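Notes follow the structure.
This is a predicted model, so every value here is computed, not measured. Nothing fancy with the numbering, it's 1 onward along the sequence.
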Amino acid sequence: QMQLVESGGGLVQAGGSLRLSCAASGRTFSSYAMGWFRQPPGKEREFVAQISWSGGSTYYADSVKGRFTISRDNAKNAVYLQMNSLKPEDTAVYYCAATRRIRRVTASYEYDYWGQGTQVTVSS
């Protein structure tokens, strides 16, 4: 089992920034690729970003490309999501997730472990 705990969510004005963190425990963190997903109110969960186990490869949804940056620190068992130029449509519960798959994966069912989520609200 791997436990994932997100933090860093909150209320921010449009154009502002937030940095989400996800702390991992219980498994060899560096063996897993990590992803961020989000679920806007009344909508399906959607892929946001993915980072490879080494941190050498990243992939983003078109909706956040150029504004969000995913990173990881394997020494600290942590993954981060830096969110800049936030928009009201970024309002959602944000989840981090872990997958053993080495290829690019954007479907939630391909992730093995999930955190409980952290709320991000962007006001206009």
Side-chain angles (χ1 to χ4, degrees):
Q1 287 288 338
M2 176 183 281
Q3 291 77 44
L4 301 172
V5 179
E6 302 95 336
S7 61
L11 174 63
V12 63
Q13 288 189 331
S17 299
L18 280 175
R19 187 191 193 212
L20 304 184
S21 299
C22 175
S25 62
R27 287 280 188 174
T28 306
F29 178 71
S30 59
S31 298
Y32 289 79
M34 299 298 295
W36 285 97
F37 286 74
R38 66 186 183 187
Q39 187 164 14
K43 297 184 178 181
E44 298 287 318
R45 191 173 298 189
E46 62 186 26
F47 170 80
V48 174
Q50 182 192 7
I51 188 166
S52 62
W53 64 271
S54 68
S57 296
T58 57
Y59 180 63
Y60 298 92
D62 287 343
S63 58
V64 306
K65 200 173 296 181
R67 299 188 298 122
F68 291 10
T69 302
I70 188 171
S71 61
R72 67 188 296 161
D73 185 338
N74 286 344
K76 294 183 178 180
N77 286 359
V79 62
Y80 309 99
L81 186 68
Q82 178 66 44
M83 305 186 295
N84 298 329
S85 302
L86 283 161
K87 305 175 181 179
E89 51 263 45
D90 294 319
T91 294
V93 178
Y94 282 72
Y95 300 88
C96 70
T99 179
R100 288 299 302 268
R101 292 159 181 82
I102 60 173
R103 57 183 171 83
R104 182 180 297 174
V105 287
T106 61
S108 58
Y109 69 84
E110 296 195 272
Y111 283 77
D112 305 300
Y113 300 104
W114 292 83
Q116 83 289 348
T118 186
Q119 177 71 47
V120 172
T121 303
V122 184
S123 63
S124 57

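Glu46 places no side-chain N or O within donor-acceptor distance of the main-chain N or O of Arg38, the cut-off being under 3.5 Å. A donor-acceptor pair is defined here as one N or O able to donate and one able to accept, closer than 3.5 Å; such a pair exists between the side chain of Glu6 and the backbone of Gln116.
When hydrophobic side chains of Ile, Leu, Val, Met, Phe, Trp and Tyr are connected at separations under 4.5 Å, Met34 ends up clustered with Met2, Leu4, Val12, Leu18, Leu20, Phe29, Tyr32, Trp36, Val48, Ile51, Tyr60, Val64, Phe68, Ile70, Val79, Leu81, Met83, Leu86, Tyr94, Tyr113, Val120, Val122.
Interatomic distance, OG of Ser124 versus CD of Gln13, reported as 9.5 Å (0.5 Å rounding). For the atom pair OG1 of Thr99 and CH2 of Trp114, the computed distance is 10.0 Å after rounding to the nearest 0.5 Å. For the atom pair Phe47 CZ and Tyr59 OH, the distance stands at 6.5 Å (nearest 0.5 Å). Between atom OG1 of residue Thr121 and atom CG of residue Asp90 there is a gap of 11.0 Å, rounded to the nearest 0.5 Å. Going from atom CD of Gln119 over to atom CG of Leu11 covers 9.5 Å, rounded to the nearest 0.5 Å.
Of all heavy-atom pairs between Ser17 and Gln82, the closest is CB-NE2, 4.0 Å. In plain terms, the two heavy atoms of Tyr80 and Ser21 that are nearest each other are CD2-OG, 3.4 Å. The two residues Ala97 and Tyr111 make their nearest non-hydrogen contact at CB-CD2, 3.5 Å.
Shown here are the salt bridge (charged side-chain N to carboxylate O under 4.0 Å, His left out) partners of Asp73, two or more places apart in sequence or in another chain: there are none. Listed by chain and residue number, nothing satisfies the salt bridge (charged side-chain N to carboxylate O under 4.0 Å, His left out) test with Arg19 (two or more places apart in sequence, or in another chain). Residues meeting the salt bridge (charged side-chain N to carboxylate O under 4.0 Å, His left out) test with Lys65, sequence neighbours left out: Asp62. With sequence neighbours excluded, no residue forms a salt bridge (charged side-chain N to carboxylate O under 4.0 Å, His left out) with Arg72.
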- Message: As a quick check of understanding, evaluate side chain to side chain contact (heavy atoms under 4.5 Å, CB included) for Val93 and Arg45, giving each step before the final call.
- Response: CA-CA 9 Å; Val93 178; Arg45 191 173 298 189; over 6 Å; no
request  = Walk me through it: do Glu89 and Lys43 pass the test salt bridge (charged side-chain N to carboxylate O under 4.0 Å, His left out)?
outcome  = CA-CA 12 Å; Glu89 51 263 45; Lys43 297 184 178 181; over 6 Å; no
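Under the disulfide (SG to SG under 2.5 Å) criterion, the residue pairs touching residues 65-122 are Cys22-Cys96, with sequence neighbours excluded.
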